[in-house]
Amino acid sequence: MKNKISIFILIPVLLSAFMQMKMRLFETPANWPKPQYDFSKNPLTEEKIELGRALFYDPILSKNNTISCASCHSQYTAFTHVDHALSHGIEDRIGTRNSPALMNLAWQKIFMWDGAINHLDVQALGPISNHLEMDEKIENVVAKLQSSKIYPQLFLEAFGDSVITGQHTLKAISQFMLTLVSKDSKYDSVMRKQAAFSSQETNGYKLFQKNCGNCHKEPLFTNGEFENNGLTVDTLLNDYGRVSISKDPNDSLKFKVPTLRNVEFSMPYMHDGRFKKLKQVLDHYTDGVQTSKTLSPHLQQQIKLTSNEKVDLIAFMLTLTDKKFLFDQNYSYPKHILLSSRKK
Amino acid sequence: MGSHFLPAQVKKMDTLVFQPMFGDSTLVLSTYSYKLNDKDSIQFDVLKFYISGIEFLNKGKPVWKEENSFHLIDASQEKTMSVILKRSSSIICDQIKFNIGIDSTINVSGAMGGDLDPTKGMYWTWQSGYINFKLEGISNVCKSKNQEFQYHVGGYESPFNAFQTVTLDCKRSNKIEIDIKELLSGIDLSKQDHIMSPSAEAVVLAQKISKTFSVQAQ
């Protein structure tokens with residue numbers, strides 16, 4: 001009898017502990033929209049996230065085992081490739097676009113600058129097989145993982161099966177990427193009424209809402225749409241963006257609106273990384289926008305900002321920096337997996 | 001005469017065989033060269049396609065439907081050409097219905113397993129989506145490098161949706177043939193040696209592919 005009672009007490013306690021553990025793996029911050037990602041098809045577990053993290057940092061994904069996801073998506077720069085307008089991959093081959101910063105991917109419905117990828121799970125296939133990036137086939141990746149010393153065990157722990165498949169490999173990478181949530185910037189603290197903007201930041205925020213917020217929509221700082229923001233075409237790259245995928249002429253020169261979270265650290269800017277500084281970006285929007293048939297409706301009217309206003313606007317943009325995200329140890333190189341057992 | 005009017009009852013038809021043909025000959029990959037006409041020849045290296053949503057009908061009404069019905073038929077692996085259906089008893093049917101390719105729902109649902117695993121070489125990596133049908137080979141007619149031709153037919157979004165549904169009379173047979181000679185009779189190899197992405201051309205080819213399937217009466 002006593003045993004029965006204690007079990008009845010224990011079950012809810014264990015359940016609530018379990019729920020809390022699950023909660024910590026992924027949470028939708030208050031006042032944020034519902035994620036696009038269907039977690040019921042790939043429920044997060046600590047084992048799968050850790051496996052995904054190892055895969056993200058392991059150059060085994062590339063043809064000659066030199067390039068990992070993190071090569072072009074490093075944590076300290078909000079998971080993008082700093083210092084390079086066009087990201088470079090295997091054997092120093094130069095890509096055709098600036099690698100995007102990775103964060104809040106659970107809220108993203110379509111991937112790549114041109115929307116070529118329709119689901120987070122299959123996103124990694126793009127860079128893995130791109131000749132200029134990792135130049136490898138997923139079949140070979142799976143074979144290499146299967147014959148490695150560490151992965152069959154990690155897959156067994158994560159999926160209950162030491163036979164490695166493309167599906168499990170990709171779902172594990174998704175799990176790690178889903179945990180990359182940036183939600184603790186000063187902006188977020190202000191929204192939660194735990195901090196206050198300076199008067200300069202307040203003014204910058206007002207200017208932001210008036211001039212930028214339609215495309216860089218709060219709280220994700222992107223509307224998730226494709227827009228032509230009036231950049232001149234680089235005649236060496238001849239990149240017309242979304243139209244190359246949709247084949248719809250109305251999509252010519254449209255690129256996915258990137259988030260502005262952590263924009264302080266995710267330079268250079270634009271799909272081809274043509275701008276190194278935020279000031280250059282703002283100068284483009286006030287004075288450089290090229291009119292064309294597909295120009296974003298939000299840019300039809302010229303944006304006017306004085307140089308002081310630009311300074312204020314940038315001050316606001318810096319409040320989107322999330323140091324907790326940039327330095328979170330849970331996102332960093334998994335030494336405990338990749339270094340400890342590998343060299344044996 | 002009388003038997004002619006009996007419903008086409010398929011007894012213990014628990015295996016469907018998808019047999020690639022070149023005219024009257026069984027299609028064999030790589031080693032074998034086939035004649036297109038008196039002077040031109042052709043050789044095949046890859047033939048893979050998805051069959052999905054297998055269903056049996058009687059008088060237009062569905063009588064049995066396969067669950068999770070996705071099969072990759074690969075001419076290089078004979079066992080994939082036989083699709084085993086988990087049916088307990090014989091059913092009365094007069095038609096079989098199936099799709100060539102993968103539907104749009106699966107195409108936007110992320111990483112799949114089994115025959116749908118991206119390691120099967122039937123998933124585009126640079127632009128999401130399944131390749132419904134893949135045919136590769138060489139012919140002296142082709143003006144391309146190494147006289148190669150490659151048809152990767154897919155696309156799930158309008159206006160380039162290449163997904164096809166086929167309905168065939170059962171004819172008391174479990175053998176479905178796909179005649180590549182017939183398919184090629186509608187293609188000018190000298191002008192069109194490759195299709196590699198969703199496009200209007202891919203949709204036209206997909207429609208031609210769907211017409212080359214037939215049930216071979218035993």
Side-chain angles (χ1 to χ4, degrees), chain A residues 36-42 52 95-96 109-112 114-146 159 161 163-175 177-178 242 244-248, chain B residues 46 48 50 68 70-72 74 76-77 80 101-132 134 136 150 152-163 195-206:
Chain A
Q36 295 280 342
Y37 194 86
D38 183 354
F39 286 90
S40 72
K41 300 261 171 67
N42 188 18
T96 58
K109 59 176 184 252
I110 194 159
F111 302 84
M112 298 291 202
D114 55 13
I117 308 289
N118 67 18
H119 194 288
L120 184 62
D121 288 358
V122 290
Q123 165 60 43
L125 289 171
I128 287 172
S129 51
N130 189 307
H131 169 68
L132 303 171
E133 298 178 54
M134 292 165 147
D135 198 19
E136 183 56 294
K137 287 181 169 165
I138 185 71
E139 304 78 298
N140 296 343
V141 170
V142 167
K144 284 193 279 182
L145 295 173
Q146 192 71 66
F159 291 98
D161 192 348
V163 177
I164 298 169
T165 66
Q167 182 188 35
H168 287 169
T169 304
L170 293 169
K171 283 196 178 280
I173 298 173
S174 274
Q175 293 231 346
M177 292 197 290
L178 287 163
R242 179 69 180 150
S244 67
I245 299 301
S246 72
K247 313 237 166 81
D248 179 351
Chain B
V46 177
K48 289 162 94 170
Y50 279 113
N68 286 318
F70 304 102
H71 305 280
L72 178 57
D74 182 345
S76 73
Q77 293 178 45
T80 67
I102 303 302
D103 67 36
S104 59
T105 308
I106 295 292
N107 265 291
V108 296
S109 299
M112 298 289 149
D115 276 4
L116 297 174
D117 195 288
T119 52
K120 301 285 177 184
M122 294 293 277
Y123 196 87
W124 274 308
T125 54
W126 52 277
Q127 175 179 8
S128 302
Y130 281 95
I131 299 168
N132 293 336
K134 208 181 220 189
E136 296 179 8
Q150 290 178 309
H152 296 182
V153 182
Y156 62 91
E157 273 182 307
S158 178
F160 306 130
N161 189 345
F163 185 68
I195 288 178
M196 307 292 280
S197 62
S199 61
E201 294 77 25
V203 174
V204 170
L205 188 55

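So you know, we letter chains A, B, ... as the sequences are listed, proteins then strands, and number each from 1.
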Straight-line distance of [X] [atom1] to [Y] [atom2], nearest 0.5 Å:
| X | Y | atom1 | atom2 | answer |
| --- | --- | --- | --- | --- |
| T119(B) | I164(A) | OG1 | CD1 | 11.5 Å |
| S109(B) | D121(A) | OG | CG | 9.5 Å |
| W126(B) | D114(A) | CH2 | CG | 9.5 Å |

Show the nearest heavy-atom pair for residues [X] and [Y], with the distance to one decimal.
| X | Y | result |
| --- | --- | --- |
| T125(B) | I117(A) | O-CD1, 3.5 Å |
| G166(A) | P118(B) | C-CD, 4.5 Å |
| M112(B) | Q167(A) | O-CB, 3.2 Å |

Residue among Y123(B), W124(B), F160(B) with most heavy-atom pairs under 4.5 Å to chain A: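 Going by pairs under 4.5 Å, I would pick Y123(B).
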Counting distance only, does the side-chain N/O of [X] pair as donor-acceptor with the main-chain N or O of [Y] below 3.5 Å?
| X | Y | result |
| --- | --- | --- |
| K247(A) | P198(B) | yes |
| Q127(B) | A116(A) | no |
| N118(A) | G129(B) | no |

Are more than 12 heavy atoms from other residues, nucleotides or ligands located less than 6.0 Å from atom NZ of K137(A)?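 Count not over threshold, so no.
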Taking side chain as everything from C-beta outward and backbone as N, CA, C, O, which of these in L170(A) sits under 4.5 Å from a heavy atom of chain B? Side chain, backbone, both or neither.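 It is the side chain, since no backbone atom gets that close.
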